[in-house]
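Per chain, numbering begins at 1; letters A, B, ... match sequence-line order. Hydrogens, waters and symmetry mates are skipped; everything else that's a heavy atom, side chains included, is used.
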Number of protein chains: 2
Amino acid sequence: MARPRAFDEGVALGAAVDGFWSQGYGAAGTRDLAARMGLTTASFYNAFGDKRGLFLKALDRYLDEGSRRRFARLDGLAPREAITTYVADVVERSLADPLHRGCLLINSALDVTAQDPDMRDEIAGGLDEIRGFFLRHLQAGQADGSIAASQPAEDLARLFLGVVVAMRVMARVNPDRALLEGMARPALSLLDPR
Amino acid sequence: MARPRAFDEGVALGAAVDGFWSQGYGAAGTRDLAARMGLTTASFYNAFGDKRGLFLKALDRYLDEGSRRRFARLDGLAPREAITTYVADVVERSLADPLHRGCLLINSALDVTAQDPDMRDEIAGGLDEIRGFFLRHLQAGQADGSIAASQPAEDLARLFLGVVVAMRVMARVNPDRALLEGMARPALSLLDPR
DNA sequence: ATTTAATTGGAGCGATCGATACAGAACCGG
DNA sequence: CCGGTTCTGTATCGATCGCTCCAATTAAAT
């Protein structure tokens with residue numbers, strides 16, 4: 001019927017993720033994005049609509065290949081280990097980040113949300129998936145006794161979401177292991193059964 | 001000797017704070033800033049150098065009139081009350097924020113830091129003042145027995161900084177009282193002496 | 001071989017970006 | 001009243017912004 005694409009949409013989207021991640025949604029220019037993706041402007045707009053649409057696809061892709069994939073793996077572990085492993089993983093990824101790019105989702109929370117309710121909801125949804133991960137395992141751990149029940153699982157999940165968010169923010173400005181690990185330590189101590 | 005300024009530099013700087021706060025450093029345009037400040041572009045650049053210089057002055061002003069002033073007041077309270085009052089205050093300010101502007105300092109952490117080490121240090125310094133506030137009062141509270149010593153004051157200070165940062169970020173995307181208060185509750189429970 | 005539909009390259013739209021240039025206006029000390 | 005110095009208003013710089021348009025190209029369907 002028609003001329004086929006000379007590029008792989010998935011590969012191009014991956015490059016777009018990188019672009020938004022490195023520069024932020026606002027600061028990423030469509031020309032630079034298209035160049036990273038190996039597309040001309042025409043193909044860029046033809047295939048992805050506009051910058052906003054591309055970003056929504058890129059964010060979804062980022063979550064699929066990042067946190068969602070990680071959660072799926074950790075869901076096989078014991079509740080306590082799932083939580084501690086994920087938190088330790090965030091520390092390591094935050095420190096092994098020479099360009100200080102942090103996390104696209106969390107960066108976008110402060111970049112994109114200003115006047116765009118749809119995007120805000122999208123980002124809020126991504127963050128809520130993190131809270132959901134913690135909540136699942138906290139409830140399971142409290143049920144089997146491996147996690148203290150002195151605080152409601154709902155509140156602990158909120159706190160751990162907060163710790164992860166804060167680590168990602170702080171690491172962009174001050175990527176200091178003592179700070180990140182010290183932040184996590186008292187929160188993790190709340191898991192210990194009495 | 002020369003023609004005097006037709007504007008008050010302090011008032012203009014206050015308007016600049018508002019501009020950066022509402023739109024973010026990157027998204028704030030010099031024309032819009034100058035208009036908010038009641039200046040022509042010539043006066044804008046003459047008085048403040050450039051956008052970057054203006055931002056540094058604006059951030060310093062923001063900290064002076066915000067967190068530094070608040071800390072000075074709270075330093076009169078008992079350690080535990082200073083901490084709980086400040087945390088409760090952040091919750092209320094985050095929720096009473098119809099434009100979702102959040103905190104200029106924390107917003108800037110993710111907006112500005114990319115390629116500007118000087119600004120990054122400036123922002124890191126502002127965040128460290130928050131950690132310092134918590135550390136002071138945690139140490140005092142542990143010394144007088146009003147705060148549990150089961151966790152090192154250094155780590156608790158890092159956690160509370162994290163909680164405050166996370167509340168400010170989350171509130172921009174999902175300003176939900178249950179989330180913010182639930183995040184603070186387990187952290188504050190760590191203060192309770194056994 | 002011709003039709004049809006999609007992609008591609010690239011020029012270019014109007015708007016905005018941060019920053020500057022320059023002429024005239026305003027005030028001071030003399 | 002005047003020289004000196006700073007401020008103000010406006011026009012404008014070159015670059016970039018997101019995005020559109022169109023002719024040329026490509027390949028599948030007929």
From the set D:dT8, D:dT5, D:dA27, return the single nucleotide nearest to any side-chain atom of B:Ala6. D:dT8
Are B:Glu65 and B:Arg70 ion-paired here, with the side-chain N under 4.0 Å from a carboxylate O? no
For a quick test of reading the model, state the closest non-hydrogen atom pair linking A:Ala148 to A:Leu190 and the distance between them. CB-O, 3.7 Å
Does anything in residues 27-49 of chain B reach DNA chain D, meaning a heavy atom under 4.0 Å, and if so which residues? B:Arg31, B:Thr40, B:Thr41, B:Ala42, B:Ser43, B:Asn46
I'd like to know if A:Asp75 pairs up with A:Arg136 as an ion pair, taking the criterion as any Lys NZ or Arg NE/NH1/NH2 lying under 4.0 Å from an Asp or Glu carboxylate oxygen. yes
Can you tell me if the side-chain N/O atoms of B:Arg5 get under 4.0 Å from OP1 or OP2 in D:dC7? yes
Within the modelled atom types, does a donor on one side and an acceptor on the other bring the side chain of B:Arg3 and the base of D:dC7 under 3.5 Å apart? yes
Enter the distance from A:Ser94:OG to A:Leu179:CG here, rounded to the nearest 0.5 Å. 10.5 Å
Check this for me, if you would: do A:Lys57 and A:Asp60 make a salt bridge, where the nitrogen-to-carboxylate-oxygen distance has to be below 4.0 angstrom? no
Using 30° and 60° as the class limits, which term best fits the ring planes of B:Phe133 and B:Phe71: parallel, tilted or perpendicular? parallel
Between CZ of B:Phe7 and P of D:dT6 the distance, given in whole Å, is 15 Å
Given DNA chain D, 5'-ward residue of the pair A:Lys51 and B:Pro4, judged by closest heavy atom: B:Pro4
